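Structure first, then comments.
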Amino acid sequence: MTTPACPPAAVRQPTTVQPRPDHVSELPYPIAEDYVKDWTSERALVELIANALDEDPHTQVDWNDGTLTIHDQGPGIPRTGLLLGASRKTSQQIGQFGEGKKLAALVLARDPRIGPVQFDTVGYSFTPLLKPSTYLTEVPGPDDDQQSLVLHYQYWPTDRERGTLISVPCPREVAEDAIGRVRYLNDPSYRPPQDHAEIILEGQPGRIFVGGILVSTDTRLAASYDLPLATAKGEQNRDRTIVDGAALEDHIRRALAASADPSVIARFVDRALNGPRLSTSETYFSSARDFAVRRAFRDHARTLWNDDEVYYNAAGSAVEDELHLQGRGVTCVTSRLPRYAHGFLMHLLGVRPVREAVSHHQRQYPKTQWVRSHDVSAGRRRTLDLAGAVFRSVFGLDALGQVKIYREDEASARYCSSGIYEPASDVMGIKEGTLDDLDETLRVVFHEGGHRRAARSGSLSSSDRSEGFELAMDTMGGSLLSLLLTHEPRRLPLLDAEAWQGVPLPPGAYLADRSALNGLRQSQASISELRKAKRLEKAPEPRRLLAELATQRMTALLAERGLRSAGRAVATVAWSTAQWRVIADPHPAGYRRAYGFTCIPDYAKAVALAELLGIHAPVLYLGHIAVEGPLYNVRRGTGTSNGPWKKPLSTHMPQVIADLRALGGPYAEQADAVEAMSQGRTPYDAEGAWLRPVNELLEAEKQRLNS
C-alpha cells in the first residue's frame with residue numbers, strides 16, 4: 001500500500017532508532033486515558049497520515065510484517081511541536097489546532113491491538129505510552145484516583161537529518177481501514193478540490209471528505225463529497241469528525257447545482273424518480289440555474305422519453321386529469337420528491353404540467369380536446385383570423401370573446417358538430433377540421449356569435465331554438481343587411497386599407513360572394529404574420545437575415561422530427577419559446593421591454609440552438625448580438641460608444657473569434673474584422689455599414705445550407 005508517486009527507495013529507507021537507556025527523557029501530558037473516547041485507532045492513524053501529507057504530499061505509507069509505516073521527507077517535527085496546542089499549520093494544510101498528533105498518540109497507546117508506536121524525526125525520536133502520573137501519586141487529593149493513567153512521551157536524541165518515520169505495529173485490517181480513508185493514497189490522479197466540493201459517484205455513497213481526508217459518513221446521501229480544504233476546514237468540529245450541518249448542505253447544493261456531468265445528473269434524476277428518497281441537502285434542483293446544467297438535464301430527458309409526450313401533475317391539478325391522460329396513452333411522470341422540488345425537476349427536464357394538456361373546460365367536458373393555437377397549421381390559423389376579423393368588422397370589436405380550437409373524437413361527435421359556446425367562461429370553440437373551409441368557418445362563427453349575443457343580452461336561454469337565440473340571430477342578420485346596403489367590403493372597419501391592400505375584390509363584391517372571400521383568404525397571411533413581417537422589415541439587416549435563416553431551418557427540423565411547434569423543439573436544448581421568438585421575430589436594437597429581453601448574450605446558449613438548427617454557432621451568435629455590441633449596457637441617453645464591447649459580450653468574443661477561425665474559408669476571412677468590431681476599432685454608424693462582416697457571414701451560411 002503506497003502512494004503512486006514517491007521518491008526513490010534509496011532516499012526513503014525507513015529505519016527506526018533504538019534508544020540508549022541513559023539518554024531517555026520523559027515528557028508527561030496531563031491528559032486522561034479516556035480523553036476523546038469516541039476516537040478509534042483507524043481515526044488516529046488517519047490523523048498521523050494527514051500530518052505527514054501536510055509536510056510532504058509524496059508521503060509513503062506501507063504495511064509489512066505487522067507494522068504500518070508512515071514515512072515523509074518533510075522538515076521534521078520541531079521541539080515546539082510537542083507542546084499541546086502549538087501549531088504552524090496554514091489554511092492549505094489539513095491540520096489546524098496542533099492537537100491531532102498528541103490525541104492520536106493517546107488513542108493508539110490505549111488500544112491493546114496496537115504495539116509500541118515510535119516517531120523518528122529530525123534530531124530525536126519518541127514513543128507515547130500511558131503510565132501513572134508522578135504528580136497524582138505524590139500530591140493526592142481527598143477523593144483522587146491515584147491509579148489514573150496519563151499520556152507520556154519518552155524521547156531520546158538521534159542523528160536523523162531529514163523527514164519523519166512513524167512505525168505503528170497493528171493488524172492488517174486496521175491499516176487497510178485507515179489507508180482507505182485517505183484519497184491521496186487510493187487515487188493516483190487525485191487533486192484536492194479548490195472552488196467547490198467534488199462529487200464522488202464511485203464507491204460507497206455518503207462519505208464526506210475534507211481535502212481528501214474522510215471526516216464522516218451519512219448513509220442517506222446518494223453520492224460522496226470531497227469539500228475544499230480552504231473553506232471547509234474551519235467548519236469542522238475541533239476533532240475534525242463532523243462538518244457543520246448547514247455548511248455541509250450548502251457545499252453539497254452548490255456542487256450539484258454547478259455540475260453538468262451526465263453521470264451525476266443521471267444518478268440524481270433516477271433516484272428522484274425511482275427512489276429511494278433524496279436527502280434535503282441533495283434536493284438541489286431549484287438551485288440549478290446555469291445554462292450548461294439545464295441543457296444537460298434536457299439531454300438526459302431525451303434519453304428517458306425520446307421526444308414522447310410527457311406531463312407531470314403539478315400543484316393544484318386534479319388526479320383525475322392525470323388518469324385521463326394516462327388513459328389516452330400519455331406518460332405522466334411522478335417522483336419521490338416533495339411537490340415543490342418535483343416541479344423544479346420537471347422544469348429542468350422539460351416536462352410540462354398536466355394543466356397544459358387538460359384545460360378547465362376539458363375537465364368539465366372531458367370529450368372535448370382543446371388544441372393550442374400554435375399547434376394548428378398556418379393555413380387554419382389564417383382562416384380563423386380572417387373569419388374573426390370579418391365578424392368584428394360587422395358587429396364590433398367586442399362581438400367575440402375568447403376563440404379556441406378543439407379536436408374531438410368519435411364519441412363526442414353527438415355533443416357538438418362544428419362549434420360550441422360556453423356562457424360561463426365566454427369561450428367560443430371551433431372544430432379544428434372546420435377551419436379547412438372558409439365558408440364553414442364563417443357560418444360557425446356567425447352561429448356561435450349568435451349564442452354569445454343571446455347569452456350576454458340577459459336572455460333566459462341562449463340554446464338553439466330558444467326565443468333569445470332567434471332574437472339575437474334576427475338582430476345580427478338585420479345589422480349585416482343594413483351594413484351591406486351602405487358599405488363596400490373594402491371599407492369594413494377592421495379590414496385596414498394598408499394591411500389588406502391589393503386584395504382582388506371586384507367593385508360591388510359583397511360578403512355573400514364566396515369567390516371573393518376565397519380570394520381574400522388565399523392572398524393574405526394572418527394578421528399576426530403581417531405584423532411580424534412589418535416588424536422584421538424594421539429590424540437591422542443581420543437580425544433579419546438570421547431570422548429568415550433560423551425560421552427556414554426550424555421548419556425543416558419540425559418536419560424531420562415530427563414536432564408540432566418550434567417551442568417544443570427548442571425546449572430540448574433548454575431554450576424557452578420566448579427566447580426563440582427573440583431570434584425568429586427580432587425587434588430593433590436597443591428596444592427594451594419592461595419585463596423581458598431582446599438579446600441573449602450567453603454564447604453557450606447560442607451554441608445549443610445552433611447545434612439544433614445545424615447553423616454554425618459563431619454565425620448565429622454574431623447575427624443576433626453584434627447589432628447591440630456598442631449599445632449593450634450603455635445607459636439611455638449617453639450615446640453610442642465606440643469603445644470595446646462591455647461584459648458579458650466581451651467575455652465570450654475570444655471564443656467566438658477562435659471558432660470562426662477554426663471554421664476556415666469565408667468564416668475565417670471575417671474573423672479579424674469581427675475582432676476589430678468587438679474591440680471598438682470599427683467606427684459605429686447608424687446606417688449599419690459597420691455590420692458588413694456579420695452580413696457576409698450570414699450570406700456565407702445561407703449559401704452553405706441551401707447548396
Side-chain angles (χ1 to χ4, degrees), residues 535-557 570 573 575 579-590 598-632 640 642-707:
R535 189 162 54 245
L536 194 59
E537 291 175 359
K538 299 178 182 178
E541 187 173 5
R543 288 193 166 181
R544 178 179 58 79
L545 293 174
L546 176 62
E548 294 171 354
L549 184 61
T551 302
Q552 174 187 352
R553 298 298 299 169
M554 178 58 71
T555 301
L557 177 69
V570 299
V573 291
W575 275 59
Q579 291 170 333
W580 163 249
R581 291 195 190 109
V582 172
I583 301 294
D585 186 14
H587 289 275
T598 55
C599 65
I600 302 172
D602 189 349
Y603 186 49
K605 291 185 178 180
V607 172
L609 182 62
E611 291 176 353
L612 179 71
L613 299 178
I615 301 174
H616 287 320
V619 178
L620 186 146
Y621 183 75
L622 290 169
H624 170 60
I625 206 67
V627 176
E628 293 203 22
L631 308 175
Y632 199 79
T640 302
N642 280 326
W645 293 358
K646 299 181 181 297
K647 291 183 178 180
L649 305 187
S650 59
T651 304
H652 300 295
M653 285 309 297
Q655 184 61 51
V656 174
I657 295 166
D659 289 351
L660 279 178
R661 292 195 170 104
L663 290 174
Y667 306 99
E669 292 174 2
Q670 304 299 330
D672 290 339
V674 170
E675 186 174 23
M677 290 169 54
S678 66
Q679 294 177 355
R681 293 187 278 114
T682 302
Y684 171 85
D685 63 275
E687 290 75 22
W690 67 287
L691 292 168
R692 181 193 59 78
V694 179
N695 295 335
E696 294 289 340
L697 290 172
L698 287 163
E699 290 294 343
E701 188 71 352
K702 184 177 180 180
Q703 293 179 11
R704 179 184 74 87
L705 293 174
N706 294 331
S707 60

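None of the values given here were measured: they were computed from a predicted structure.
- If you take CD on E701 and CG on L663, they are separated by 8.0 Å, rounding to the nearest 0.5 Å.
- The two residues L549 and K702 make their nearest non-hydrogen contact at CD1-CA, 4.2 Å.
- Taking CD of Q552 as the reference point, atom CG of L613 lies at 11.0 Å (rounded to 0.5 Å).
- Rounding to the nearest 0.5 Å gives a distance of 5.5 Å between CE of M554 and CG of L612.
- For the pair Q579 and K605, the minimum side-chain heavy-atom distance is below 4.5 Å.
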Could you go through the salt bridge (charged side-chain N to carboxylate O under 4.0 Å, His left out) check for E628 and R543 one step at a time? CA-CA 11 Å; E628 293 203 22; R543 288 193 166 181; 3.1 Å; yes

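- A donor-acceptor distance shorter than 3.5 angstrom exists from the side chain of Y621 to the backbone of P601, with no hydrogens or angles considered.
- What you find for A608 and W575 is that their closest heavy atoms are CB-NE1, 4.3 Å.
- Contact check on D672 versus R661 returns a salt bridge, with a Lys/Arg side-chain nitrogen under 4.0 Å from an Asp/Glu carboxylate oxygen.
- Side chains of P648 and Y603 form no contact here, defined as non-hydrogen atoms less than 4.5 Å apart.
- Results of the side-chain contact (heavy atoms from CB on, under 4.5 Å) test with P542 over V619, L698, L697 single out L698 as the only residue that passes.
- In this structure, the side chains of H652 and W645 stay at 4.5 Å or more apart for every pair of heavy atoms.
- Here the side chain of T551 pairs no donor or acceptor atom with the backbone of E548 at under 3.5 angstrom.
- Counting heavy atoms from C-beta on, the side chains of S678 and I657 come closer than 4.5 Å.
- A 4.5 Å side-chain heavy-atom check between M677 and M653 finds every atom pair outside the cut-off.
- For the 3.5 Å distance criterion, the side chains of E699 and N695 fail to qualify, holding no donor opposite an acceptor.
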